[in-house]
Amino acid sequence: MGNAEPERLARPDLLRLQNDRLAALIAALLPHNPFYARKFAAAGLAAADLRSVADLARLPFTTKAELLADQAENPPFGTDLTYPLGRYSRFHQTSGTSGQPLRWLDTPASWAWALDNWDVMYRLVGLRTDDRLFFAFSFGPFLGFWTAFEAASRLGYLCLPGGGMSSSARLRFLLDNAATVVLCTPTYALRLAEVARDEGIDLAGSGVRALIVAGEPGGNVPATRQRMETAWGARVFDHSGMTEIGPAAIECAANPGGLHLVETAFLPEVIDPAHGQPVPPGTPGELVLTNFGRLGSPLLRYRTGDLVCVDPQPCPCGCCFVRFGGGIRGRVDDMIVIRGNNVYPSALQTILHRFAEVVEYRIEVDRSQSLPSLRIDVELSADAGAVVPRIEHAIHTELLFRAELRAVPPGTLPRFEMKARRVVEKTGART
């Protein structure tokens, strides 16, 4: 990446590097990338108008809706492609949890850029030379931990692939092969812990010392984090990335409860999601990213939909990169309005996971009436029915609305290996 440890750059040197990389990005894009050539032309901008990162604000935001519309009009891959199709070697797509999947292609050079990001993130996590990494995901077409797997292999770590196995088989596999680091979603980390309890496996006594989790909120939700760390006897590290933007941020070893963005690879902006204007450090807002090195399929000023808050204090780890305190705090489009209160599912997760009796849960939003209502189904451990009023009281006290809770029999709610889908919309009559 041009520097053995770019996370140790001085901020002025980092800014110069970002300006150089933006110039290289613009030179590669125009006029060869049809998507951004049209976008620049519509804004009345030429390449010479963006001489530094400060000028980037002149370009309109890029949104997922734009990208989906472009792929629908120009199937199957859209026009955000800088090179002829023959130059691309990797295909991935989003999970499609919110609708139509977004397809994404990478050239070998763009893929190498993504692996370089993981080189930095693994240093921030503090991997050891003797670590063995177990990747508990399906190795499907979504980006998942593909880049993490290949980056670790390139660095010389022993990588244990966990695709195509049941949860029981994965547990036996990681124990038999003495895995020390597990990479999965927060939901699946808890699912593996549940299976381990059922099968009498002492995860906390295993050799696993760290979990790297991503794909959904949880790693930086305090109650969920504590539940994972207790069950595994291991340190949790949160990670954030997106199929279309690439692997982007990681929690450092020295300062739990936040995410460092790899700023040699990304330019961050944090905006008011309603008005699009920048917000100062310490104020929550929507994260907007420009990726410098994914030249084959880049994104400029991409509205991620993630809510973050820049920590204005320097991190004790010594990393020069911006840190988002509390990690990804939620999604702009996940907000539920219940009787005048704005509620994010991560806020409900924070409360629900504080109660050890809650094994699994599902949030049902009923919009069939003029005033939306919310019900939470909870699976509880044996003889835990008395906890329901306590949960209802906690939600009412902390979130200022009354939620209807219903205890359901064990095994009623679905289990997830990848991203959990715990929020369901209901438009008809309730059962």
Side-chain angles (χ1 to χ4, degrees), residues 64 92-99 101-104 114 117-118 121-122 125 133-152 161-163 165 167 170 181-194 210-221 223-225 227-229 231-232 234 236-251 258-262 287 289 302 304-308 324 326-334 344-346 348-350 353 360-363 414-423:
K64 187 173 184 178
H92 292 282
Q93 67 179 32
T94 61
S95 59
T97 53
S98 59
L102 187 63
R103 302 177 186 91
W104 219 256
N117 294 349
W118 269 107
M121 292 190 288
Y122 280 140
V125 165
L133 281 62
F134 178 64
F135 294 82
F137 77 107
S138 68
F139 287 82
F142 57 93
L143 192 65
F145 285 105
W146 275 102
T147 49
F149 182 92
E150 294 195 18
M165 301 181 191
S167 294
R170 283 178 173 143
V181 179
V182 174
L183 295 91
C184 60
T185 65
T187 288
Y188 197 53
L190 292 174
R191 174 59 180 159
L192 286 174
E194 181 185 18
L211 303 172
I212 299 176
V213 299
E216 61 187 8
N220 266 303
V221 174
T224 305
R225 180 191 191 93
R227 183 174 286 205
M228 286 187 286
E229 292 188 335
W232 284 82
V236 166
F237 291 90
D238 200 12
H239 160 62
S240 179
M242 306 173 78
T243 294
E244 65 269 39
I245 203 73
I250 199 81
E251 182 178 316
L259 290 170
H260 283 290
L261 180 76
V262 183
L287 178 62
L289 290 176
Y302 184 61
T304 66
D306 288 334
L307 294 170
V308 299
F324 302 131
I328 305 301
R329 300 188 173 201
R331 296 275 307 165
V332 172
D333 52 4
D334 280 348
Y344 287 98
S346 58
L348 289 166
Q349 183 185 85
T350 296
H353 276 172
E360 189 54 88
Y361 70 91
R362 179 174 60 199
I363 300 167
R415 301 300 195 265
F416 304 93
E417 293 190 4
M418 300 301 139
K419 290 185 179 182
R421 301 182 185 184
R422 293 194 178 98
V423 180

Point to revise | Nearest-0.5 Å distance, CG of residue Asn220 to OG1 of residue Thr350 | key: 10.5 Å
Check your understanding: Mind checking whether Leu307 and Ile328 have side chains closer than 4.5 Å, heavy atoms only?
Key -> no
Point to revise | Centroid-centroid under 6.0 Å between Phe149 and Phe139 rings | key: yes
Point to revise | Residues Glu360, Arg191: salt bridge by 4.0 Å N-O rule | key: no
Point to revise | Partner set under side-chain contact (heavy atoms from CB on, under 4.5 Å) for Ala214, not counting sequence neighbours | key: Phe145, His239
**Study point:** Spatial distance of atom CG (Leu190) from atom CZ (Arg415) [nearest 0.5 Å]
**Key:** 10.5 Å
Revision key, fill the gap. Shortest non-hydrogen pair, Trp118 vs Ala151, comes out as CB-CB, 3.4 Å
Check your understanding: Residues in ring-ring contact (aromatic ring centres under 6.0 Å, His included) with Phe324, at least two apart?
Key -> none
Check your understanding: Passes side-chain contact (heavy atoms from CB on, under 4.5 Å), Tyr122 versus Ile212? Steps please.
Key -> CA-CA 10 Å; Tyr122 280 140; Ile212 299 176; 4.2 Å; yes
Check your understanding: Considering all heavy atoms of both residues, which atom of Ala152 and which atom of Leu133 are nearest to each other, and what is their separation?
Key -> CB-CD2, 3.7 Å
Review point. How close do Gly330 and Ser346 get, heavy atom to heavy atom, and via which atoms?
Key: CA-OG, 4.3 Å
Point to revise | Nearest-0.5 Å distance that lies between atom OH in Tyr302 and atom CG in Leu289 | key: 10.0 Å
Review point. Where do Lys64 and Glu244 come nearest, in terms of heavy atoms and distance?
Key: CD-OE2, 4.3 Å
Review point. So, do Thr243 and Leu102 sit near enough that their side-chain heavy atoms are less than 4.5 Å apart?
Key: no
Exercise for review: Please check if the side chain of Trp232 supplies one atom and the backbone of Ala189 the other of a donor-acceptor pair under 3.5 Å.
Suggested key: yes
**Study point:** side chain to side chain donor-acceptor pair (under 3.5 Å) partners for Gln349, two or more places apart
**Key:** Thr224, Tyr361
Review point. Within the distance-only criterion (no hydrogens, no angle test), does the side chain of Trp146 pair as donor or acceptor with the backbone N or O of His92 below 3.5 angstrom?
Key: no
Practice item. To the nearest 0.5 Å, tell me how far Thr187 OG1 sits from Leu192 CG. Key: 11.0 Å
Point to revise | Contact summary for Tyr344 and Val332, nearest pair of heavy atoms | key: CE2-O, 4.4 Å
Practice item. Please name all residues satisfying side chain to side chain donor-acceptor pair (under 3.5 Å) with Ser167, sequence neighbours left out, ordered by chain then number. Key: Tyr188
Review point. Which residues satisfy the salt bridge (Lys or Arg N to Asp or Glu O under 4.0 Å) test with Arg225, sequence neighbours excluded?
Key: Glu229, Glu251
Exercise for review: State the CD-CZ distance between Glu216 and Arg422, to the nearest 0.5 angstrom.
Suggested key: 6.0 Å
**Study point:** Point-to-point distance, once rounded to the nearest 0.5 Å, from CG of Leu211 to CZ of Phe134
**Key:** 12.0 Å
Review point. If you take all heavy atoms of Val213 and Gly219, which pair is closest and at what distance?
Key: CG2-CA, 3.7 Å
Point to revise | Under 3.5 Å: donor-acceptor pair, side chain of Thr304, backbone of Leu287 | key: yes
Check your understanding: Just by distance, do the side chain of Arg170 and the backbone of Gly162 share a donor-acceptor pair under 3.5 Å?
Key -> yes
Check your understanding: Between Asn117 (side chain) and Pro247 (backbone), is there a donor-acceptor pair under 3.5 Å?
Key -> yes
Review point. Any side-chain heavy atom of Val125 within less than 4.5 Å of one from Ile250?
Key: yes
Point to revise | Set of residues satisfying salt bridge (Lys or Arg N to Asp or Glu O under 4.0 Å) with respect to Arg329, sequence neighbours excluded | key: none
